[in-house]
Amino acid sequence: MDSLALCNVQLDLERAFRDYRKIKDRGRPRYKSKHHSRMRYTTNVVKRNIRIDGKKIRLPKAGMVRIRIHREIPEGWILKNVTVSKEPSGKYYASLLYEIPECESQAEGAQREKRYLGIDYAMDGLAVMSDGTRAEHPKYFRQAEEKLAREQRKLSHCEKGSRNYAKQKRKVAVIHEKVRNQRKDFLHKMSRRLADGYDVIGVEDIDMRAMSQTLHFGKSVSDNGFGMLRTMLAYKLEERGKDLVKVDRFYPSSKRCSRCGRIKENLTLNDRIYRCECGNVMDRDVNAAINIRLETMRLKAS
Ligand SMILES: [Zn+2]
């Protein structure tokens, strides 16, 4: 047993209880489940006890383990801790936390005009930008999800506890992991592009959990693409010394005309095109995204 693994869990638990008491809407910590919880542990670096050596990593107690490194680690970064996890597919991952000595990222030229972007959540697809572009899930998502559904159906026909059940379950887990990784990869690339291209990004402050309950769009892989995108944007913008602005959820972004500011009270979810008396005709989601951008600029100015 790695002694630091236990220390870290205790710290996690303490923090969980502290957050539970202090932060509104934070759930009570629950017990882990042998069936559902991810198996993982975190260990800290103490006097070079953990190091990467070519294609191997040295871990306390485990010793030298062969790894595949997915990105170059720049000179001068300091390794702080390692989290080893086992996915349901049976694969092991090591996540390495590094400290960057000085803030290299925040020194960007500050004196030019700021670029603003508003993003509206779109129920079909993923998001709509205020510049009129639409972010759609790539086609391979659908394909992978169909495959996943097929294999899950097969699993339901296997006898529980049997050899075939275990085999099929593993197969489902492998596809599951693939879908999850594809989604993450896609969102990482998109959020990176946006964080590089804009200085201030406005998003709706919607409660994704409440939303998925009321709209039942929980698909096979319960995807919360927009929520994940928001999380990624938040830290990617912060790394670059930029801002993510959350626009109040009661701000009437859909009902307001982005050209004249009139409010259309009788707008329904079925109206895909926004038509205003002032002659403004545009896609409903684009109109909302432009409003979010305008509100973001207003909030930043005040
Ligand atoms: Zn108008």
Side-chain angles (χ1 to χ4, degrees), residues 15 19 23-26 70-74 76-78 80 83 95-122 125-138 180-209 211-212 223-251 253-254 258 285-302:
R15 203 194 42 216
D19 288 354
I23 302 172
K24 210 176 118 254
D25 297 335
R26 190 57 64 93
H70 91 291
R71 85 152 113 157
E72 240 2 85
I73 290 136
W77 286 21
I78 304 152
K80 298 309 250 186
T83 300
S95 162
L96 310 173
L97 177 73
Y98 280 90
E99 191 178 88
I100 310 173
E102 286 144 45
C103 231
E104 308 163 349
S105 53
Q106 290 183 7
E108 216 179 279
Q111 285 313 313
R112 64 178 157 67
E113 189 88 1
K114 285 207 162 151
R115 292 161 300 181
Y116 287 85
L117 181 76
I119 307 179
D120 181 51
Y121 170 72
L126 179 66
V128 177
M129 318 291 164
S130 53
D131 61 5
T133 53
R134 219 163 236 285
E136 300 284 359
H137 287 298
R180 209 165 52 237
N181 286 342
Q182 281 180 331
R183 169 167 292 121
K184 268 205 270 186
D185 176 64
F186 169 71
L187 291 172
H188 270 305
K189 283 173 181 161
M190 185 160 92
S191 54
R192 183 191 164 141
R193 214 172 46 235
L194 293 175
D196 282 341
Y198 293 92
D199 301 302
V200 185
I201 297 181
V203 291
E204 286 166 288
D205 184 18
I206 40 177
D207 182 357
M208 297 307 297
R209 213 170 8 160
M211 197 146 170
S212 66
D223 76 298
N224 179 358
F226 192 67
M228 223 194 250
L229 177 67
R230 247 177 18 183
T231 312
M232 289 177 180
L233 276 174
Y235 80 79
K236 285 190 167 84
L237 286 165
E238 202 193 329
E239 277 173 3
R240 291 162 175 76
K242 299 172 172 181
D243 287 314
L244 182 78
V245 174
K246 287 191 176 172
V247 172
D248 195 290
R249 68 185 82 171
F250 299 112
Y251 176 74
S253 58
S254 312
S258 61
D285 296 327
V286 175
N287 181 60
I290 293 175
N291 279 326
I292 290 168
R293 179 174 184 271
L294 291 171
E295 179 66 4
T296 304
M297 291 171 79
R298 195 186 66 77
L299 289 170
K300 285 305 281 184
S302 60

Asp120 side-chain N/O to Ala289 backbone N/O, donor-acceptor pair under 3.5 Å: no

Residues passing the side-chain hydrogen bond (donor to acceptor under 3.5 Å, both in side chains) test with Thr231, sequence neighbours excluded, are none

Within the side chain of Asp199, is there an N or O that forms a donor-acceptor pair under 3.5 Å with the backbone of Arg115? yes

Return the set of residues passing side chain to side chain contact (heavy atoms under 4.5 Å, CB included) with Lys300 (not counting sequence neighbours), or none when no residue passes. Tyr116, Val200, Asp243, Val245

Of all the heavy-atom pairs spanning Glu136 and Phe186, show the shortest one and how long it is. O-CZ, 3.2 Å

With sequence neighbours excluded, what pairs up with Ala234 under the side chain to side chain contact (heavy atoms under 4.5 Å, CB included) test? Leu244

With sequence neighbours left out, what residues match Asp185 under salt bridge (Lys or Arg N to Asp or Glu O under 4.0 Å)? Lys189

Is there a side-chain contact (heavy atoms from CB on, under 4.5 Å) between Asp205 and Tyr251? Walk through the geometry before answering. CA-CA 10 Å; Asp205 184 18; Tyr251 176 74; over 6 Å; no

Nearest 0.5 Å please: distance from the CZ atom of Arg183 over to the CE atom of Met228. 6.5 Å

Could you pull out all residues at least two apart from Tyr98 that satisfy side chain to side chain contact (heavy atoms under 4.5 Å, CB included)? Ile52, Ile73, Trp77, Leu79, Leu96

For the pair Ser191 (side chain) and Leu187 (backbone), establish whether a donor and an acceptor sit closer than 3.5 Å, ignoring hydrogens and angles. yes

How many angstroms lie between CZ in Arg230 and OH in Tyr121, if you round to the nearest 0.5 Å? 10.5 Å

Dump the intermediate steps for salt bridge (Lys or Arg N to Asp or Glu O under 4.0 Å) on Asp131 and Arg293, then the final yes or no. CA-CA 10 Å; Asp131 61 5; Arg293 179 174 184 271; over 6 Å; no

Partners of Thr83 by side-chain hydrogen bond (donor to acceptor under 3.5 Å, both in side chains), sequence neighbours excluded? Thr42

Do the side chains of Arg134 and Asp285 get nearer than 4.5 Å, heavy atoms only? yes

Decide yes or no for Leu194 and Leu233: does some side-chain heavy atom of the first lie under 4.5 Å from some side-chain heavy atom of the second? yes

If the condition is side-chain hydrogen bond (donor to acceptor under 3.5 Å, both in side chains), which residues does Lys246 pass it with, not counting sequence neighbours? none

Quick one: CD1 on Ile290 to OG on Ser258, what's the gap to the nearest 0.5 Å? 4.0 Å

Sequence-distant partners of Asp19, salt bridge (Lys or Arg N to Asp or Glu O under 4.0 Å), two or more places apart: Arg26

Of all the heavy-atom pairs spanning Ala135 and Met129, show the shortest one and how long it is. CB-CE, 3.9 Å

About how many Å separate NZ of Lys236 and CG of Leu229, when rounded to the nearest 0.5 Å? 9.0 Å

Nearest 0.5 Å, please: how far is OG1 in Thr296 from CG in Leu117? 8.5 Å

Test side-chain contact (heavy atoms from CB on, under 4.5 Å) on Val247 and Val203 and set out the steps. CA-CA 6 Å; Val247 172; Val203 291; over 6 Å; no

Counterpart residues, salt bridge (Lys or Arg N to Asp or Glu O under 4.0 Å), relative to Lys184 (two or more places apart): none

All salt bridge (Lys or Arg N to Asp or Glu O under 4.0 Å) counterparts of Glu204, not counting sequence neighbours: none

Sub-3.5 Å donor-acceptor pair from the side chain of Ser130 to the main-chain atoms of Gly118, do we have one? yes

Return the minimal non-hydrogen interatomic distance between Tyr198 and Leu237, and the atom names on each side. O-CD2, 4.2 Å

By side-chain hydrogen bond (donor to acceptor under 3.5 Å, both in side chains), which residues pair with Arg192, not counting sequence neighbours? Asp196

Partners passing side chain to side chain contact (heavy atoms under 4.5 Å, CB included) against Glu72 (at least two apart in sequence or in another chain): none

Rounded distance (nearest 0.5 Å) linking atom CG of Asn287 with atom CD1 of Ile292: 10.0 Å

